[in-house]
Amino acid sequence: MLEDISLDIAPGDLVAITGRSGSGKSTLLNILGGLDRAYSGACRVGGVELRGLDDRSLAALRRRTFGYVFQHYGLIAVLDCLDNVALPALYEGVASGARRRAALARLAALDLSHRARAHPATLSGGEQQRVAIARALTNDPTIILADEPTGSLDSANAEAVFAMLEALNAEGRTVIFVTHEPALARRAARRITLADGRVVEDERTRPAQPRGAPAFAAARAAPSAAPLLERSGEAARMVARTLRARVLQSSLTVLGIAIGAAAVIALATIGEGARRQVIAQIESLGSDLVTISRGPPGVRGGERLVTSLVAADQAAIAGAPGVLDWAPEMDGVVTSRYRQRDFLVTVTGTSDRLPRVRDWPLAEGAFFSAEAVRRHAQVAVLGATAARNLFGGEPAAGNYILLSHSPFLVLGVMERKGVTTGPGHDRDNQIWVPHTTAGARLFNRGHLERIVVKTEPGADPDAVAQELRARMLARHGREDFSVSTLAEVIRASTRAQRTLDYLLGAIAAISLLVGGIGVMNIMLATVNERRAEIAIRIAVGAARSDILAQFLGEALVLCAAGALAGLLLGFAGVSLAAHLTGIPASIGAASLMAALGSSLAVGLLFGVSPAAHAASVDPAAAFRQSA
């Protein structure tokens, strides 16, 4: 705590601040440099009141006016010497090439060119402090603030470092340094001694010798036109170094985001592929068909005990507007046999009109005739799968097969449809026979399962369905039947698929949230570990918005890395799912953008709190904690 201090430091002065530990030396230095704010009173630099400056203006003043040298060097461990020295120029907005050239020149002036790519941990104490001095000079400041600059050095290195400070003062810079060493304090032009936060001695041994504006001030590099891009690149490099420094923790975080991004891609793509497959299968049944089924609407097929739908009901269909043709159908599962081969197969009793109604041509032979239906003929037409099962590659037409112990002459084979209407339901694994024969010889029943109606080209299937419902209702006197179109089925399937999409989307969102929590966790841990680094960045000229942007950028880069990994996982997952399920799935640009966008949104959402925490770090407190 400082009390009742009134100082006026002249340009070009060499000032030593001395006193016991805890007397307020570092606090005074931090207030002079704008790293700490006085609770009362005023602090002016070049006539500018620091209290009246906003954060960005104060940051600009620090990086252009002050150069900081710390007892413990204050170098950022993950940056090499060149990047450490170039850091103030980065926040000044100097272009990459210009700031690197300036940093190399500063290192060369201190005989450190050969250590430009070395990291601080590999340097001696004297070398680290010389790098810190080079960094302090990067933006050609007029004031050097040094907090115990020789406190961690042996006598030889301490002498060399202090000689550099004296040389900087001789160039015209104001040098203010904190020291416990009386010998160094005596070499200052002015010695200020503190005790319990008060000035107890202010002794001048020689007058300050201001030399005007130093020549180097005019040589400051011009700011870059794209400082934001430069800082974004620095954030990307920083997160890469952070990843290398915390490989396991960062890899698990990236993996969490990758799983979430992959889930977005895979679930969206597979869900869309499944929806298209279902709709294609339904439409393959005939989008212009209307089906009249036995049993009232909403009753499942196994519960349809009503038997009033009979062949005579076809009379209600004849002449209805929009009707082109129709075919009755009744189904049952029977055993089919040819020589030593027997299989369970779906047998459908129908009429000669089925190929026209179903748009299902023959690949071999012919379909049975209306006369065969009238005569209850024992003839059959096979689906492609049924023909393969019974006959292998042999011709089927002209041969006899047994259906439930009754012989049937095979007249032909239908073309392969190649679709299924459900798991294990192959539409090609069926046999068609006259419905009169099926009812009398195979199923022992007279009622139909359904009557399939084909509408005329251009007719509205829904309007035709309404007309047929009215006619059937007039005929039956009650609604013991149901009328449906494929449009209704498609709508119902779309609603069900939409519900499934919501569920899959929720799973993907949960995966991303888990990854986001991991990002927040690692970023918060990183902020706590890097408080000293944040303080150093603020000291060399970073505004709090720069710190916020950097840590938010690190979170975004972390999530972008996860998103890119998620793209690879998504491709692999979609390919595997398509191979195992047969669902035609292809990854589109929308899925990729959704995965990347949602991953970056998670990084932004979960990176805000750690970034704000980093931007709120008190540099003076951080320096005290790291001392």
Trainee: Keeping Asp147 on the side-chain end and Val178 on the backbone end, is there a donor-acceptor pair under 3.5 Å?
Mentor: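 Side chain of Asp147 to backbone of Val178, a donor-acceptor pair under 3.5 Å: no, none is there.
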Trainee: Could you walk me through whether Leu112 and Glu127 pass the side chain to side chain contact (heavy atoms under 4.5 Å, CB included) check?
Mentor: CA-CA 8 Å; Leu112 287 170; Glu127 288 176 324; 4.2 Å; yes
Trainee: Just wondering, more than 12 heavy atoms not from Arg44 lying within 6.0 Å of its CZ?
Mentor: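 No, because the 6.0 Å sphere around CZ of Arg44 holds 12 heavy atoms or fewer from other groups.
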Trainee: Calculate, to the nearest 0.5 Å, the distance between atoms CG and CD1 belonging to Leu552 and Ile547 respectively.
Mentor: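 The CG atom of Leu552 sits 12.5 Å away from the CD1 atom of Ile547.
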Trainee: Between Asp202 and Arg191, does at least one N-O distance fall below 4.0 Å, as a salt bridge requires?
Mentor: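 The answer is no: the pair does not qualify as a salt bridge.
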Trainee: Looking at Gly33 and Leu145, what are the two nearest heavy atoms and their distance?
Mentor: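 Shortest heavy-atom contact: CA-CD1, 3.5 Å.
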Trainee: Tell me the closest heavy-atom pair linking Leu7 and Ile192, and the distance in Å.
Mentor: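 Leu7 and Ile192 have their closest heavy atoms at CD2-CD1, 3.8 Å.
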Trainee: May I have the step-by-step check of side chain to side chain contact (heavy atoms under 4.5 Å, CB included) for Asn157 and Arg130, ending in yes or no?
Mentor: CA-CA 10 Å; Asn157 279 312; Arg130 282 190 289 158; 5.9 Å; no
Trainee: How about Ile536 and Phe623: do any of their side-chain heavy atoms sit closer than 4.5 Å?
Mentor: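 Yes, side chains in contact.
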Trainee: Any sub-3.5 Å donor-acceptor pair from Arg135's side-chain atoms to Val540's backbone N or O?
Mentor: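 Side chain of Arg135 to backbone of Val540, a donor-acceptor pair under 3.5 Å: no, none is there.
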Trainee: State plainly whether the residues Glu181 and Arg187 are in salt-bridge range, i.e. N to O under 4.0 Å.
Mentor: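 Salt bridge flag = no for Arg187 with Glu181.
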Trainee: Test of understanding: with side-chain hydrogen bond (donor to acceptor under 3.5 Å, both in side chains), list the residues that count as partners of Asp196, not counting sequence neighbours.
Mentor: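 Listed in chain order: nothing, the list is empty.
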Trainee: A side-chain contact here means heavy atoms from C-beta on lying under 4.5 Å apart; do Arg115 and Val131 qualify?
Mentor: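 No, side chains not in contact.
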Trainee: Is a salt bridge present between Arg56 and Asp546, judged by a nitrogen-to-oxygen distance below 4.0 Å?
Mentor: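 Asp546 and Arg56: salt-bridged.
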Trainee: In terms of heavy-atom contacts, does CZ of Arg51 have more than 12 from other residues, nucleotides or ligands at under 6.0 Å?
Mentor: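 Yes, the 6.0 Å shell around CZ holds more than 12 heavy atoms from other groups.
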Trainee: Within the distance-only criterion (no hydrogens, no angle test), does the side chain of Asn139 pair as donor or acceptor with the backbone N or O of Arg63 below 3.5 angstrom?
Mentor: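 Between the backbone of Arg63 and the side chain of Asn139 there is a qualifying donor-acceptor contact (under 3.5 Å).
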Trainee: Quick check for you: to the nearest 0.5 Å, what is the distance between Ile143 atom CD1 and Leu61 atom CG?
Mentor: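 With rounding to 0.5 Å, CD1 (Ile143) is 8.0 Å from CG (Leu61).
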Trainee: Do Arg99 and Leu90 have side-chain heavy atoms sitting under 4.5 Å apart?
Mentor: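 Side chain of Arg99 against side chain of Leu90, heavy atoms only: contact under 4.5 Å found.
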Trainee: Between atom CD of Glu49 and atom SG of Cys43, what is the distance when rounded to the nearest 0.5 Å?
Mentor: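 Spacing of CD (Glu49) from SG (Cys43) equals 7.0 Å.
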Trainee: Is there a donor-acceptor contact under 3.5 Å from the side chain of Asn30 to the main chain of Ser26?
Mentor: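 Yes; judged by distance alone, with no hydrogens or angles, the pair exists.
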Trainee: For Gly603 and Leu556, which heavy atoms make the closest approach, and how far apart are they?
Mentor: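 Heavy-atom minimum between the residues: C-CD2, 4.0 Å.
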Trainee: Check whether any side-chain heavy atom of Arg204 sits under 4.5 Å from a side-chain heavy atom of Asp13, and report yes or no.
Mentor: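 Arg204 reaches Asp13 side chain to side chain.
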Trainee: Search all heavy atoms of Val85 against all heavy atoms of Arg106 and return the closest pair with its distance.
Mentor: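 So the two residues come closest at CG1-CB, 4.1 Å.
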Trainee: Within the side chain of Asp55, is there an N or O that forms a donor-acceptor pair under 3.5 Å with the backbone of Ala543?
Mentor: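 Checked: no pair found.
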Trainee: Just how far is it from atom OG1 of Thr142 to atom CZ of Arg173, taken to the nearest 0.5 Å?
Mentor: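 Going from the OG1 atom of Thr142 to the CZ atom of Arg173 covers 8.5 Å.
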Trainee: How long is the gap from SG on Cys81 to CG on Leu75, to the nearest 0.5 Å?
Mentor: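 Atom-to-atom, Cys81:SG and Leu75:CG are 7.0 Å apart.
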Trainee: Which of these, Leu50, Leu35, Val48, sits in a side-chain contact (heavy atoms from CB on, under 4.5 Å) with Leu58?
Mentor: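 That would be Leu50; it is the only one of Leu50, Leu35, Val48 passing the side-chain contact (heavy atoms from CB on, under 4.5 Å) with Leu58.
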Trainee: Side chains of Thr193 and Thr18: do they bring a donor and an acceptor to under 3.5 Å?
Mentor: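 Yes, side-chain donor-acceptor contact under 3.5 Å.
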Trainee: If I compare all heavy atoms of Leu153 with all of Pro149, which pair ends up nearest, and what's the gap?
Mentor: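 In this case the closest contact between Leu153 and Pro149 is CD1-O, 3.8 Å.
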Trainee: Could you note down all residue pairs passing ring pair (Phe, Tyr, Trp, His ring centres under 6.0 Å) where residues 533-558 supplies at least one of them, sequence neighbours left out?
Mentor: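 Qualifying pairs, neighbours excluded: none.
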Trainee: Check the angle between the aromatic planes of Phe70 and Tyr68 and answer parallel, tilted or perpendicular using the 30° and 60° thresholds.
Mentor: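 Parallel: the ring planes of Phe70 and Tyr68 meet at under 30°.
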Trainee: Report yes if the side chains of Arg64 and Asp140 come closer than 4.5 Å at any heavy-atom pair, otherwise no.
Mentor: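 A side-chain contact under 4.5 Å is absent here.
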Trainee: Look only at the side chain of Thr150 and the backbone of Glu159, and say whether a donor-acceptor pair between them is shorter than 3.5 Å.
Mentor: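 It does not hold such a pair.
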Trainee: Yes or no on side chain to side chain contact (heavy atoms under 4.5 Å, CB included) for Thr138 and Glu92, after CA distance, side-chain angles and deciding distance?
Mentor: CA-CA 10 Å; Thr138 296; Glu92 181 65 12; over 6 Å; no
Trainee: Is any side-chain heavy atom of Asn528 less than 4.5 Å from a side-chain heavy atom of His613?
Mentor: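 They are in contact (side-chain heavy atoms under 4.5 Å apart), so the answer is yes.
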Trainee: So, taking the atom named NE2 in His180 and the one named CD in Gln71, what distance separates them when rounded to the nearest 0.5 Å?
Mentor: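 Output value for this atom pair is 8.5 Å.
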Trainee: For the side chain of Lys25 and the backbone of Arg20, is there at least one donor-acceptor N/O pair under 3.5 Å apart?
Mentor: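 Looks like yes, one N/O pair under 3.5 Å.
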Trainee: Restricting to non-hydrogen atoms, name the atom on Pro141 and the atom on Phe66 that form the minimum distance, rounded to 0.1 Å.
Mentor: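 Residues Pro141 and Phe66, closest heavy atoms: CB-C, 3.5 Å.
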Trainee: Quick check against the 3.5 Å criterion: does Arg62 have a side-chain atom that pairs as donor or acceptor with the backbone of Ile538?
Mentor: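 A pair under 3.5 Å: yes.
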Trainee: Measure the shortest side-chain to side-chain distance between Leu137 and Ile144 over non-hydrogen atoms and say whether it is less than 4.5 angstrom.
Mentor: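 Yes. Closest side-chain heavy atoms under 4.5 Å.
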Trainee: Side chain to side chain contact (heavy atoms under 4.5 Å, CB included) between Leu194 and Ile5: does it pass, once the steps are laid out?
Mentor: CA-CA 10 Å; Leu194 299 181; Ile5 291 181; 4.3 Å; yes
Trainee: Less than 4.5 Å apart, any side-chain heavy atom of Asp83 and any of Arg117?
Mentor: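 Yes; the side chains approach each other to less than 4.5 Å.
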Trainee: Answer with yes or no whether the side chains of Arg537 and Tyr91 bring together a donor and an acceptor at under 3.5 Å.
Mentor: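 Result is yes, a qualifying pair exists.
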